[in-house]
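One structure is given below, encoded as structure tokens.
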Amino acid sequence: MTGRLKGKVAIITGGCAGMGLAGVELFVAEGAKVVVADIREDQGLELEQRLTGSVCFIRCDVRNEADWAATVALALDAFGGLDIMYHNAGAPVSYAKFDTITEAEWDDAQALLLRSTMFAVKHAVAPMRQRGGGSIILTSSVAHVNLRSNTSSAYVVAKAAVSALGRIAALDFSGDRIRINTIVPGGVPTSIHGSKFDSRTAVADRMATYFEEIFADYQPLPQMGRTTDIAKTALFLASDDSAFITGQDLAVDGGLSLERRMTQERYLARMAEAKEKALTDLGLEA
Amino acid sequence: MSGRLDGKVAVITGGCSGMGLGTLELFLEEGARVVLADIQGDKGEALAAKHGERLRFIRCDIRSEADVAAAIALAESAFGRLDILFNNAAAAGATGGIETLDVDAWDATHALVLRSVMLGCKHAVPAMRRAGGGAIINTASGTAVLPFGNRGAAYGTMKAGVAHISRLLASELGPDRIRVNAIVPGWIATSILGNSIGASREVADRMTPYLLEDFATFQPLPDAGTPRDIGEAVLFLGSDAAKWITGVVLPVDGGLLVKNQADGRLPDILQNARTKAEQALADGAPA
């Protein structure tokens, strides 16, 4: 432990699993106090127990502005301020193409991925001004940088807009020394990918354990990303090491923004293989 | 000391001053052993004497393939391996408008700013393969993206090439676990700015303090960037914390490329700083 976030207070949304959880663990190890905002109450309370004194959990649906206000209020109450807002929460949204997408599907996608990002900035600015500055970290996706056809178009639009939001917000709040940057994660083996192929959480989680071996050659660097790789970039952007960096998108993707090295057919075949293995492991039917 | 570069060996070109020096100091603090490759012999010898066995200086003209190859070879012969190459050295090169641009000056700018980066990468790759992977960080420039009115087309064009060769080599070298990234420094007060308006090295070095107040207003963040800020980004990209980052071109610019607030003021600001620096030298004022 080197204490690179000593004395800092952070909020991490979606901090109960995947990249968010890796962020919580690393931020705490580096000396931060963290409010974990997530809809997974059981895991959140467990995490609060495990990292007692450093973590406070609050149930937060990022689509709901009142939940954001309560989350920021908790940071101020429990830890006395706010220095870092890391908005990481997200989930798969409708795969419908624009000729068939419904109004509700579109609105749900934007509320979850884009409108929530606006709330993250909106509710972080005032307490950060009080501290004389801060760092807001948003989460975009390689999905909008290196397009593929079999993707969620609503997701692509929302994630592109997250990057645009980060740039204009960086301009608007630089005078307050609030820095705003956006991480662009590549293919990290989390359950979000498997969840598109099977709605059962247990299956999606199990599938993720096979991704490392079957997707190593998906991008220029011959390995899948780890949730800890994303967390280390979040730490860099959260810390004063990046004091002169704002308004930027930073890809953490093994080069996937530049080049995808696997056809859609091979991708789907390997996903099917992972699902097959997961079902066998769990003794479940397709 | 946290030692984020413990056990790593780096080559830094242009490490005697400016952003290279800011990075060099940080690398040494974080546990790296460093080959400093620079054309400034006196400064290089002084730094080597100051830092002892963890720093080796080699005189290197980055326009010479033999010099670049020797600098890379020194990393392996002195420290046993090469993990990180920071291709940072450059100079302003050809200035002035396109109509009067001298072809030899264009070619000289290419050799200095872009070909030098290619040479560094070319010679680092075999050594990094032997080390099982590595990280190359190239210095691009805000002028690779936007015009700022102080430099001719040559420098910015070559720097755009530096950004792009980083992306191309990221793809080529990814399977060898050699990561290639570029940084895009914003307005950092270094001697290259005086160099770009024809000031001598001595005057250019003395100009930098006179630039800071204005540079704090050039970009959205209301502070002037420092060589240390650049060094932190290079450290991050060079360290294992960034082991899944390749092919990125990362601005370290206080938001300059989000909103350029220099607003055409640069030429006057540079001239004023030059006048003040020349006056200070004439008065014999301490640096």
Side-chain angles (χ1 to χ4, degrees), chain A residues 1-4 26 30 133 166-181 183-188 216-217 219-226 228-233 235-237 239-259 261, chain B residues 1-4 26 30 133 164 166-181 183-188 219-233 235-237 239-259 261:
Chain A
M1 167 173 155
T2 54
R4 289 163 70 201
L26 183 59
E30 292 289 343
R167 285 166 57 82
I168 185 61
L171 177 59
D172 290 341
F173 303 111
S174 276
D176 299 306
R177 293 193 170 80
I178 297 171
R179 301 184 296 105
I180 304 174
N181 294 290
I183 296 178
V184 183
V188 176
D217 54 351
Q219 63 281 308
L221 283 180
Q223 74 228 24
M224 282 218 81
R226 303 269 172 97
T228 49
D229 292 326
I230 308 297
K232 285 169 187 171
T233 296
L235 169 63
F236 171 66
L237 292 173
S239 76
D240 296 337
D241 292 354
S242 61
F244 202 51
I245 300 181
T246 194
Q248 300 308 326
D249 280 6
L250 180 49
V252 187
D253 67 356
L256 183 59
S257 288
L258 301 170
E259 196 180 16
R261 293 194 164 172
Chain B
M1 187 172 96
S2 58
R4 283 182 278 170
L26 197 52
E30 293 291 341
H164 200 55
S166 307
R167 297 187 187 99
L168 295 173
L169 294 183
S171 168
E172 182 178 328
L173 303 173
D176 297 306
R177 296 182 200 277
I178 297 172
R179 301 182 295 104
V180 188
N181 296 291
I183 53 157
V184 180
W187 291 107
I188 309 287
Q219 65 281 316
L221 278 181
D223 302 297
T226 65
R228 186 93 180 176
D229 290 322
I230 302 300
E232 291 285 5
L235 166 63
F236 171 67
L237 291 171
S239 75
D240 291 339
K243 76 175 161 54
W244 211 47
I245 299 182
T246 195
V248 307
V249 176
L250 178 63
V252 184
D253 69 352
L256 177 74
L257 294 181
V258 173
K259 175 84 172 77
Q261 299 177 174

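Lettering follows sequence order; numbering is per chain, from 1.
- Put simply, of B:S171, B:G247, B:S239, the one with the most heavy-atom pairs under 4.5 Å next to chain A is B:S171.
- Contact annotation for A:Q219: only side-chain heavy atoms (C-beta onward) come within less than 4.5 Å of a heavy atom of chain B.
- Considering every non-hydrogen atom in both B:P222 and A:G175, the closest pair reads CG-O, 4.1 Å.
- Around the CZ atom of A:R261, the shell of radius 6.0 Å holds more than 12 heavy atoms that belong to other residues, nucleotides or ligands.
- Put simply, of A:A231, A:G247, A:P222, the one with the most heavy-atom pairs under 4.5 Å next to chain B is A:P222.
- Of the listed residues (B:G255, B:P175, B:A224), the greatest number of heavy-atom pairs within a distance under 4.5 Å of chain A belongs to B:P175.
- Contact of the A:R179 side chain with the B:P220 side chain is not registered, since no non-hydrogen atoms from C-beta on lie closer than 4.5 Å.
- Rounding to the nearest 0.5 angstrom, the gap separating the CZ atom in B:F236 from the CD1 atom in A:I245 is 8.5 Å.
- No side-chain donor from either of A:S257 and B:R167 sits under 3.5 Å from a side-chain acceptor of the other.
- Taking 4.5 Å as the limit, some side-chain heavy atom of B:R4 sits within range of a side-chain heavy atom of A:D241.
- Heavy atoms of A:S242 lying under 4.5 Å from chain B are absent altogether.
- Side-chain contact between A:L171 and B:Q219 is absent, with no heavy-atom pair separated by less than 4.5 Å.
- When side chains are defined from C-beta on, B:I188 counts as touching A:F244, because their heavy atoms get closer than 4.5 Å.
- Look at A:K232 and B:D240 and you find no salt bridge, because none of the NZ, NE, NH1 or NH2 atoms lies under 4.0 Å from a carboxylate O.
- Across every non-hydrogen atom of A:T246 and B:V258, the tightest pair is O-CG2, 4.3 Å.
- In this structure, the portion of B:L250 lying under 4.5 Å from any heavy atom of chain A is its side chain and not its backbone.
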**Report entry** B:D253 and A:Q248: CA distance, side-chain angles, deciding distance, side-chain contact (heavy atoms from CB on, under 4.5 Å) verdict
**Finding:** CA-CA 10 Å; B:D253 69 352; A:Q248 300 308 326; 3.7 Å; yes
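- Contact record, B:A170 with A:P220: O-CB, 3.9 Å, taken as the closest heavy-atom pair.
- Each of A:D229, A:D172, A:T233, A:D253 has some count of heavy-atom pairs under 4.5 Å with chain B, and the biggest count is that of A:D253.
- Options B:L256, B:V180, B:T246 differ in how many heavy-atom pairs under 4.5 Å they form with chain A, and the most are formed by B:T246.
- Not one N or O on the side chain of B:W244 forms a donor-acceptor pair closer than 3.5 Å with the backbone of A:T228.
- Proximity to chain B involves both the backbone and the side chain of A:L221, based on heavy atoms less than 4.5 angstrom apart.
- One distance of note links NZ of B:K259 with CZ of A:R167; it measures 12.0 Å at 0.5 Å rounding.
- When heavy atoms are compared at a cutoff of 4.5 Å, B:V252 approaches chain A by way of both its backbone and its side chain.
- Interface remark: B:A242 contributes no atoms to any contact with chain A (heavy atom separation under 4.5 Å).
- Note that CG of B:L221 is 8.0 Å distant from CZ of A:R177, once rounded to the nearest 0.5 Å.
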